[in-house]
Amino acid sequence: MNYRKWFLGVMVLMLLLPVWPAGARAAAVQITIELDGETLNPDVPPYITASGVTMVPAGVISQGLGAAVEWSQSSKTATISKGDTVLKLTSGKQTAMVNAASVRLDTSVQITQGRVMVPLRFVSEQLGLQVVWNQAAKHIALYSNAEITGPSTPTVPAVPTPSVPSVPAPTLPGNTGKAMKGAWISTVFNLDWPSTSSSNNAAKQKQEFDTLLDKLQATGFNAVFVQVRPSGDSLYSSQIVPWSKVLTGTQGKIPGYDPLEYIVSSAHQRGMQIHAWFNPFRATTDTAAATLAGLAGNHVSKVHPDWIVKADSKLYINPGIPEARQHIIDTVMEVVKGYDIDGIHLDDYFYPSNVTFADDAAFKAYNSAGIASKADWRRNNINEFIRQLGQEIHTAKPALSYGVSPFGVWRNKKTDSTGSDTTAGVTAYDDMYADTLTWIKNGWIDYIAPQIYWSLSFSAARYDKLVDWWVNEVKGTGVKLYIGQAAYKVGDTKQTAEWQSGEQIINQLKYNDKYDEVAGSIMFRANDIAVRNPYGLASLLAFYFKS
């Protein structure tokens with residue numbers, strides 16, 4: 001790709017990033033603006049406030065979206081409405097009303113030369129107007145549809161409609177050429193979906209999921225990995241485990257619809273892949289009295305208490321018990337056989353790391369192979385689980401994609417000469433008993449998606465060094481490599497300086513482009529991109545994916 005052109009034209013530092021001096025006057029920056037490729041000439045041009053917020057005439061918003069805009073001189077309030085969404089911004093107030101909810105603003109409505117000026121990023125995010133900011137050209141490109149092509153390409157080209165394969169494998173045009181552009185959707189603790197406010201409300205949960213997918217699709221994502229088994233329960237109709245409490249607030253309560261059935265339909269309508277994400281061995285997220293009292297009667301910890309180990313203030317299903325492993329396989333196979341999903345996905349919750357795990361009795365009772373080391377026995381338990389599950393999946397549906405997203409470091413080089421050039425305090429092999437290289441070499445999985453959640457400058461586990469290592473391990477095996485990336489760290493004030501910009505993720509994507517073996521990436525997690533959107537990360541990704 002042309003990195004010079006990227007640097008000059010694509011530094012999309014988006015609207016709220018304070019790249020201007022705090023005392024800069026609005027008139028000092030001459031900004032041009034276009035809508036769907038046509039230049040706009042408002043009476044008052046856009047400007048940037050001293051706090052770095054881009055203000056545009058409200059008329060631009062009404063023109064771009066067909067929204068109604070009203071100004072009340074008596075209350076100094078601008079009301080912007082489109083469909084069911086109503087925004088109220090009052091001059092001087094640092095909050096806005098979005099329907100009935102109060103949302104904090106960096107800058108509220110202003111009156112400039114007799115025109116109502118509104119904060120562009122806030123209004124556009126609420127009403128669905130796509131925005132691309134070209135810092136070098138001081139130019140705003142607005143798009144009233146979902147597809148954007150960047151400021152240098154004002155018209156949206158037609159994309160030929162591909163033939164529909166038997167198993168959807170949608171791809172998007174883009175300079176990266178990477179097929180997988182995935183995002184994890186966490187349901188545990190109601191993190192990404194469904195919201196706690198939608199509890200026991202099927203219609204609202206459906207609407208929330210559709211909105212989330214629309215935002216992800218507009219950014220350029222073509223696959224979602226939805227957590228359907230957060231803690232020994234389900235977001236699908238199961239004959240084995242109870243309905244998840246994230247749906248209704250009560251574990252075991254029928255939600256009034258089949259969430260996974262709806263999720264599959266919603267994703268496929270948009271040409272997006274849907275992978276069912278399982279936490280295989282975690283039975284509960286905590287052991288608080290209220291949590292344990294709220295477990296349904298058919299929760300695994302009540303039906304098979306002999307399978308359960310308490311560790312790290314959580315309940316785990318003991319991987320050393322063959323019947324327990326088969327129980328989990330059976331729950332996964334309900335989804336494989338019952339839903340038109342595109343893949344089965346496991347995360348890195350195998351054995352918990354750096355805690356005591358009381359499995360001496362299981363080691364004695366279920367060690368017919370006579371494995372001398374408990375560590376090797378634990379790894380063998382996980383190996384058997386991965387192998388047997390893959391065998392059952394591919395027997396039932398040979399074309400179904402099956403993969404795992406392990407902790408990003410297999411082993412450190414100082415411990416094993418074949419390990420990565422890292423000094424991580426935890427490794428998948430030694431602490432979680434996940435021997436991922438054995439899975440790859442034996443072809444038990446279709447893809448591996450290591451969680452490389454560190455920056456390009458983190459010395460103990462550098463992103464680039466780990467990508468290099470994983471590329472070498474999958475080379476020639478037929479196992480695809482997706483990279484798990486930490487979108488959740490961008491803009492987090494607890495993180496170091498390199499994460500205080502969306503460019504860290506973009507630079508990682510650029511690094512992935514070095515290798516044909518990297519077949520794409522999966523980002524953790526959906527709301528950090530589609531809702532929180534730090535430093536305009538969604539627009540940075542949209543431009544990178546689609547330009």
Side-chain angles (χ1 to χ4, degrees), residues 36 128-130 132 143-150 153 155-185 192-193 205-228 235-236 258-277 335-336 338-345 397 399-403 446-447 449 480 482-483 485 487 509 518-527 529-531 538-539 541-547:
D36 291 337
L129 190 65
Q130 291 284 337
V132 171
Y143 298 91
S144 57
N145 57 5
E147 292 291 328
I148 64 174
T149 61
T153 312
T155 58
V156 181
V159 180
T161 303
S163 59
V164 180
S166 57
V167 177
T171 60
L172 294 176
N175 54 6
T176 68
K178 303 300 185 186
M180 172 58 71
K181 301 176 179 70
W184 278 292
I185 297 180
D192 290 324
W193 177 84
Q205 289 176 5
K206 293 176 181 179
Q207 182 272 325
E208 286 179 351
F209 192 79
D210 287 345
T211 299
L212 182 57
L213 280 198
D214 286 341
K215 289 181 177 180
L216 291 172
Q217 185 183 38
T219 300
F221 289 93
N222 61 10
V224 286
F225 294 71
V226 183
Q227 191 176 32
V228 300
L235 278 81
Y236 56 91
D258 187 329
L260 183 54
E261 183 177 60
Y262 187 81
I263 286 168
V264 170
S265 174
S266 184
H268 286 174
Q269 285 174 11
R270 291 164 175 78
M272 301 176 77
Q273 288 190 357
I274 165 66
H275 296 249
W277 160 21
V335 172
V336 171
Y339 297 86
D340 186 24
I341 55 169
D342 300 295
I344 291 293
H345 179 80
K397 291 185 177 179
L400 204 65
S401 180
Y402 167 51
D446 298 310
Y447 69 86
K480 291 182 179 179
Y482 305 137
I483 305 297
Q485 294 179 263
L509 287 170
V518 179
S521 62
I522 311 172
M523 298 198 184
F524 187 81
R525 54 187 176 82
N527 272 4
I529 299 163
V531 179
S539 290
L541 290 169
F543 198 94
Y544 191 79
F545 285 154
K546 299 181 182 181
S547 63

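Values reported hereafter were calculated over all heavy atoms of this structure, with side chains retained and with hydrogens, waters and symmetry mates removed. We count residues from 1, following the sequence as given.
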Distance-only polar pair, side chains of His345 and Tyr447, donor-acceptor under 3.5 Å: yes
Any donor-acceptor N or O pair under 3.5 Å, side chains Gln269, Ser265: yes
Any donor-acceptor pair under 3.5 Å linking the side chain of [X] with the backbone of [Y]?
X	Y	result
Lys181	Phe545	no
Gln217	Met272	no
Ser266	Tyr262	no
Asp342	His275	no
Asp446	Tyr402	yes
Lys480	Ala449	no

Are Trp277 and Ile344 close enough, and set up right, to give a side chain to side chain contact (heavy atoms under 4.5 Å, CB included), and what steps lead you there? CA-CA 6 Å; Trp277 160 21; Ile344 291 293; over 6 Å; no
Shortest non-hydrogen separation from [X] to [Y] and the atoms involved:
X	Y	value
Gly220	Lys546	CA-CE, 3.6 Å
His268	Ile274	NE2-CG2, 3.5 Å
Ala218	Ala542	O-CB, 4.2 Å
Ala276	Ile341	CB-CD1, 4.3 Å
Ala530	Leu212	CB-CD1, 3.8 Å
Tyr236	Val228	CE2-O, 3.6 Å

Do the non-hydrogen side-chain atoms of [X] and [Y] ever get within less than 4.5 Å of each other?
X	Y	result
Trp184	Asp192	no
Glu261	Pro259	no
Asn222	Gln273	no
Tyr339	Ile263	no

Reported [atom1]-to-[atom2] distance for the pair [X] and [Y], which is rounded to 0.5 angstrom:
X	Y	atom1	atom2	answer
Leu235	Gln205	CG	CD	8.5 Å
Trp193	Phe209	CH2	CZ	6.0 Å
Asn527	Lys215	CG	NZ	8.0 Å
Phe225	Phe524	CZ	CZ	13.5 Å

Derivation and outcome, side chain to side chain contact (heavy atoms under 4.5 Å, CB included), residues Leu509 and Gln485: CA-CA 9 Å; Leu509 287 170; Gln485 294 179 263; 3.4 Å; yes
